[in-house]
Amino acid sequence: MIRLEHVSKSYTKEGLPALHDVSLQINAGDFAFIVGDSGSGKSTLIKLLLKELEPTAGTITINGRKLNKIRRRQIPKFRRDIGVVFQDFRLLKDRNIYQNVAFAQQVIGESARNIKKNVPKILSQVGLAAKYRSYPRQLSGGEQQRVAIARALINRPKILLADEPTGNLDAKNAWEIMDLLDEINRDGTTVVVVTHNLEIVRAMNKRVIQMQKGVVRDDGADWEDDGPVYRGGQVSTYGSDYFGEQPGLAGEESAADGFFREGPFLNQSGDGGGDED
Amino acid sequence: MRISTFFYTIKQGIVNIWKNKMFSLASVATMTACIFLFGLFYMIVMNFQAMVKDAESGVAVTVLFDHGISEQRIEEIGELIDGRVEVSRYEFISSQEAWDYFRDIYFDGNEKVAESFGADNPLANSASYAVYMNDISMQSALVTYLESVDGVREVKQSATVANTLTDFNRLIGYISAGVILILLCVAIFLISNTIAVGISVRREEIGIMKLIGATDYFVRAPFVVEGIVIGLIGAAIPLGILYVIYGRIVTYVAEKFRFIGGMMSFLTVKEVFHTLLPVALVLGVGIGLIGSRITIRKHLKV
């Protein structure tokens, strides 16, 4: 479970905070999207969740642990419960697919015998069993992202964070990756996907957390008497002032027929995507 | 730590060196030069020390007695000499023994001339104590003392030999210490530079490792291994070279400086390597370790 309570993060004392008073809860086993344009604070949020950054104020609790209570030396162990996937895959170019995935197990000190057993298993789960000897440059973007997902999953994390996982992919590959993430979620892993890709967000029909200028505009939950009810795939509530400004993203119709079209549409809102902070 | 992690660390360290060939090579070369010079000076100092030791045990202070001294007084003087800590041993040489020795050396082949002395001992008054020392630097103190002893006519010493040897040995010691110190600093600097390049080349990988949950140890250890391996190779090469050329150097020096050949007695290569090998290896590993630690501390804040 991920819980943020009144979390703020400022990089400088004078400037606007990257995150301002963010409160949020994502339950174990959930699938949630985080959307927002450049500078909305998505990347800062991811970094806070990984304890790469410390919040200026507020508390973050992940899997029952308060992040500010985790000492520096314990950070590695903490991170092993969180798998991460990035827009640019971040595979090691000089190692083949098998080695890239095995690397994640070597890092945590897994025995050679278990590594030999686990790596082929996870590679076949992401559909790359046959290509274990290939190098990243020999794979398509979608395949590389699968390797990255395999690497993120092999240590059986409770949470999978995906930062723009489809940002560098064409529509077909993007969908395959989303299907894979959905499957992983159905197996019980909490999945949080940061994305610009509204078509995917709408079609997946999952909870959507919308961020803008460092605050949560809508956390995708309606509070009923017996707790939160998540609205699936809804981004339209604030679409007019956020997405409406972006050319080519104005109408639902054009979005629909652009769905499987590679190029400006899918990636259009991804300019400056992953590293806006 | 798991065994697999241990091997992973070692392997990555060696892979680092290979990926970073040019810098590794430069580091190994500097280390080689450094350890080579160290070994060379070490050998010189060791040999000189051995020679000084030899000379020390060979150099004697000769104590001559007053004319007409009594046997008893001679014995008393002997006891006084024996009481001194710097004296390793002493022996009495009677005037007859002195003459026999002298005659053997200087009238060798001219026995007839020697015989002309007949029963007269020209060295009749030359009975003496030959005093051998265990610490040659105390020689002048001993001489001063002996000269003040009643019944001693004269104390003969070979101070110049002893002093020159000790001074020379010390000079070589200082020079080699200075040169080696400078070289050590250069070697440490170069190794730390090599490791820094290795770290910058692998920034991305390190970033990924940290995100996956690698411990500080896991991230850092390969770079320490890299430093140590460079240090070891940089020590092994010059040790090999020195082992091979030592014999030749000794022969060369012995031939060139034959005029002082009598004082020269060289250690065998085994004797030298008995201490040089572990010292140089420890030095190599130490330089590698320090060099990599410095860089890791500076560039790898995990």
Side-chain angles (χ1 to χ4, degrees), chain A residues 46-47 49-53 70-86 88-95 99-116 118 136 147-163 275, chain B residues 1-25 194-226 228-229 292-293 295-302:
Chain A
I46 293 273
K47 284 182 178 145
L49 294 180
L50 286 167
K51 206 171 159 68
E52 272 190 84
L53 296 173
I70 295 175
R71 269 178 282 151
R72 225 186 64 84
R73 291 182 65 89
Q74 300 169 322
I75 293 175
K77 283 244 162 67
F78 157 74
R79 286 191 185 150
R80 290 172 193 182
D81 278 337
I82 304 176
V84 211
V85 175
F86 298 95
D88 53 359
F89 322 131
R90 299 201 191 168
L91 300 175
L92 300 173
K93 293 172 190 66
D94 57 343
R95 300 189 200 186
Q99 288 165 333
N100 261 287
V101 178
F103 178 62
Q105 293 237 287
Q106 288 163 339
V107 159
I108 65 163
E110 191 56 80
S111 72
R113 181 198 299 246
N114 283 345
I115 293 176
K116 273 194 194 119
N118 295 340
V147 177
I149 291 171
R151 183 181 67 190
L153 287 180
I154 193 155
N155 293 333
R156 308 247 153 254
K158 296 189 182 75
I159 297 170
L160 180 67
L161 295 180
D163 191 358
D275 302 311
Chain B
M1 178 179 48
R2 281 180 172 277
I3 291 173
S4 59
T5 307
F6 176 76
F7 284 122
Y8 175 86
T9 302
I10 303 283
K11 194 181 144 202
Q12 284 305 312
I14 291 163
V15 167
N16 278 2
I17 293 175
W18 186 247
K19 279 190 186 154
N20 206 350
K21 273 179 278 248
M22 286 321 287
F23 276 86
S24 303
L25 215 64
T194 306
I195 308 272
V197 171
I199 289 174
S200 71
V201 166
R202 300 173 65 131
R203 272 245 164 265
E204 194 188 5
E205 185 180 337
I206 291 166
I208 295 167
M209 283 163 87
K210 285 190 216 166
L211 283 174
I212 293 172
T215 55
D216 287 3
Y217 164 82
F218 193 87
V219 175
R220 287 174 174 172
F223 295 106
V224 177
V225 170
E226 183 181 349
I228 290 175
V229 171
S292 54
R293 296 290 303 186
T295 313
I296 287 167
R297 199 160 285 213
K298 216 163 71 182
H299 295 285
L300 208 61
K301 295 207 170 70
V302 279

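Naming: A, B, ... by sequence-line order, numbering from 1 per chain. Values reported hereafter were calculated over all heavy atoms of this structure, with side chains retained and with hydrogens, waters and symmetry mates removed.
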Can you tell which of [options] has the highest number of heavy-atom pairs within less than 4.5 Å of chain B?
| options | answer |
| --- | --- |
| A:Lys77, A:Lys93, A:Arg151 | A:Arg151 |
| A:Ala112, A:Gly109, A:Gly83, A:Pro157 | A:Gly109 |
| A:Val107, A:Val84, A:Leu50 | A:Val107 |

Select one option (side chain, backbone, both, neither) describing which atoms of [X] are under 4.5 Å from chain B's heavy atoms.
| X | value |
| --- | --- |
| A:Asp94 | side chain |
| A:Phe103 | side chain |
| A:Arg113 | neither |
| A:Lys51 | neither |

Pick from B:Glu204, B:Glu205, B:Lys19 with the largest number of heavy-atom pairs that fall under 4.5 Å of chain A: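 Going by pairs under 4.5 Å, I would pick B:Glu205.
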Heavy atoms from other residues, nucleotides or ligands near CZ of A:Arg95 exceed 12 (cutoff 6.0 Å):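 Counting other residues, nucleotides and ligands, CZ of A:Arg95 exceeds 12 neighbours.
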Atom CZ of A:Phe89: over 12 foreign heavy atoms under 6.0 Å: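 Correct, the count exceeds 12.
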How many angstroms lie between atom [atom1] of [X] and atom [atom2] of [Y], to the nearest 0.5 angstrom?
| X | Y | atom1 | atom2 | result |
| --- | --- | --- | --- | --- |
| A:Ile108 | B:Ile212 | CD1 | CD1 | 10.0 Å |
| B:Leu211 | A:Arg90 | CG | CZ | 6.5 Å |
| A:Arg79 | B:Met209 | CZ | CE | 12.5 Å |

B:Thr215 versus A:Pro76, closest heavy-atom pair with distance: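 Scanning both residues completely, I find the closest heavy atoms to be CA-CG, 3.8 Å.
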Note, B:Lys210 side chain near A:Glu52 side chain (heavy atom, < 4.5 Å):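 When only atoms from C-beta onward are counted, A:Glu52 and B:Lys210 do not touch, as no gap falls below 4.5 Å.
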